[in-house]
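Every chain is numbered from 1 and lettered A, B, ... according to where its sequence line falls, protein lines coming before strand lines. No hydrogens, no waters, no symmetry mates; every other heavy atom, side chains included, goes into these values.
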Amino acid sequence: MSITRKRATKKQRAIEILIRLKREYPNATCSLNYETPVQLLVATILSAQCTDERVNKVTPDLFSRFPDAAALAGADREELETLIRSTGFYRNKAKNIQGATDKIIREFGGKIPQQMEKILTLPGVARKTANVVLAHGFGIIEGVTVDTHVKRLSQRLGLTEHKDPVRIERDLMSLLPQPEWENWSIRLIYHGRAVCKARKPACAACGLVDLCPSAQA
DNA sequence: ATCCCGAGGG
DNA sequence: CCCTCTGGAT
């Protein structure tokens, strides 16, 4: 009777965690508001270091004024900055929104490419943003979205030892079946917001305590 | 490793 | 005051 038979593997633990989180957050989905893939891309760029709730406060005015890639690319930079200012990093975000939409117009015929390598050439877009747009905009599961919540919870749950989001993503891709990758991210984000908070995790209210090496008594 | 950057909570 | 929020580029 070996140790490995008694103790659950990381993979088994990951699956059990996902089962429980699906039960707890059955209808979890992307919480950004958008009408088109381009709007989803813009909302996701805006969501860097900012709550989705705040992004959803600026996008109604933003998308009303500049509804598509052409309008965004041609927008007055200062007006755009003013519209997105409250999301923080507004100069970088405005520059990236216009750089990305301009490239979509010029090089991709006005539509967001559905290949990971091509999306990654857009300014201000790395794997986190690309995974969100591919999964929720086009239904293509290319990787695991690793944001601040997915990173923190995956580390606390002992499923990765890495700090680099790309390495964390690789670890998670090896632990979970591909069709569940985005389900994993969405549930961890919900759980991170509601229970496993960065500052003061509510372990007493967490349904994963028996599976979590970081759980506090 | 550092910078970008506002808003809200403790 | 300090920390955190669906990061990415230099």
Exercise. Closest nucleotide of DNA chain B for A:G88 versus for A:R54: which of these residues is on the 5' side?
Worked result: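 Closer to the 5' end of DNA chain B: A:G88.
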
Exercise. Side chain of A:A126: nearest nucleotide among B:dG6, C:dA9, C:dC5?
Worked result: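 Within the option list, the nearest is C:dA9.
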
Can a side chain N or O of [X] be found less than 4.0 Å away from OP1 or OP2 on [N]?
X	N	result
A:R85	B:dA7	yes
A:S86	B:dG6	no
A:T129	C:dG8	yes

What integer distance in Å separates [X]:[atom1] from [N]:[atom2]?
X	N	atom1	atom2	answer
A:L32	C:dG7	CG	C1'	13 Å
A:K128	C:dG8	NZ	P	6 Å
A:L83	B:dG6	CG	C1'	15 Å
A:L80	B:dC5	CG	C1'	15 Å
A:K151	C:dC5	NZ	P	11 Å
A:Q49	B:dG9	CD	P	18 Å
A:K197	B:dG10	NZ	C1'	11 Å
A:L153	C:dT4	CG	P	14 Å

For this session: Provide the distance between the two P atoms, one in C:dT10 and one in B:dC5, to the nearest whole Å.
Result: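 The same atom, P, in both gives a distance of 14 Å.
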
State plainly whether the residues [X] and [Y] are in salt-bridge range, i.e. N to O under 4.0 Å.
X	Y	result
A:R127	A:D147	no
A:E180	A:K22	yes
A:E16	A:R20	yes

Exercise. Is a donor-acceptor pair below 3.5 Å formed from side chain A:R199 to base C:dC3, judging by atom type as modelled?
Worked result: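 It does, because a donor-acceptor pair links the side chain of A:R199 to the base of C:dC3 below 3.5 Å.
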
Problem set entry | Flag if over 12 foreign heavy atoms under 6.0 Å of NZ, A:K103 |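 Check passes, neighbour count above 12.
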
Exercise. For A:T87, which contact category applies under a 4.0 Å heavy-atom criterion: base, sugar-phosphate, or nothing?
Worked result: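 It contacts nothing in the nucleic acid.
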
Exercise. A:V125 near the nucleic acid: base, sugar-phosphate alone, or nothing, with a heavy-atom cut-off under 4.0 Å?
Worked result: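 Sugar-phosphate: the residue A:V125, judged by heavy atoms under 4.0 Å, touches backbone atoms but no base.
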
Exercise. What pairs meet the side-chain hydrogen bond (donor to acceptor under 3.5 Å, both in side chains) rule with one or both residues in residues 133-146 of chain A, with sequence neighbours excluded?
Worked result: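 Every side-chain hydrogen bond (donor to acceptor under 3.5 Å, both in side chains) pair that includes a residue of residues 133-146 of chain A, provided the two are not neighbours, is A:H136-A:E182, A:T145-A:E182.
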
For this session: State whether the aromatic ring of A:F89 stacks on the base of B:dG6, taking stacking to mean ring centres under 5.5 Å apart and ring planes under 30° to each other.
Result: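 Taking the rule of under 5.5 Å and under 30°, the ring of A:F89 does not stack on B:dG6.
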
Problem set entry | Position toward the 5' end of DNA chain C (nearest nucleotide), A:L120 or A:C30 |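 Residue closer to the 5' terminus by nearest nucleotide: A:C30.
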
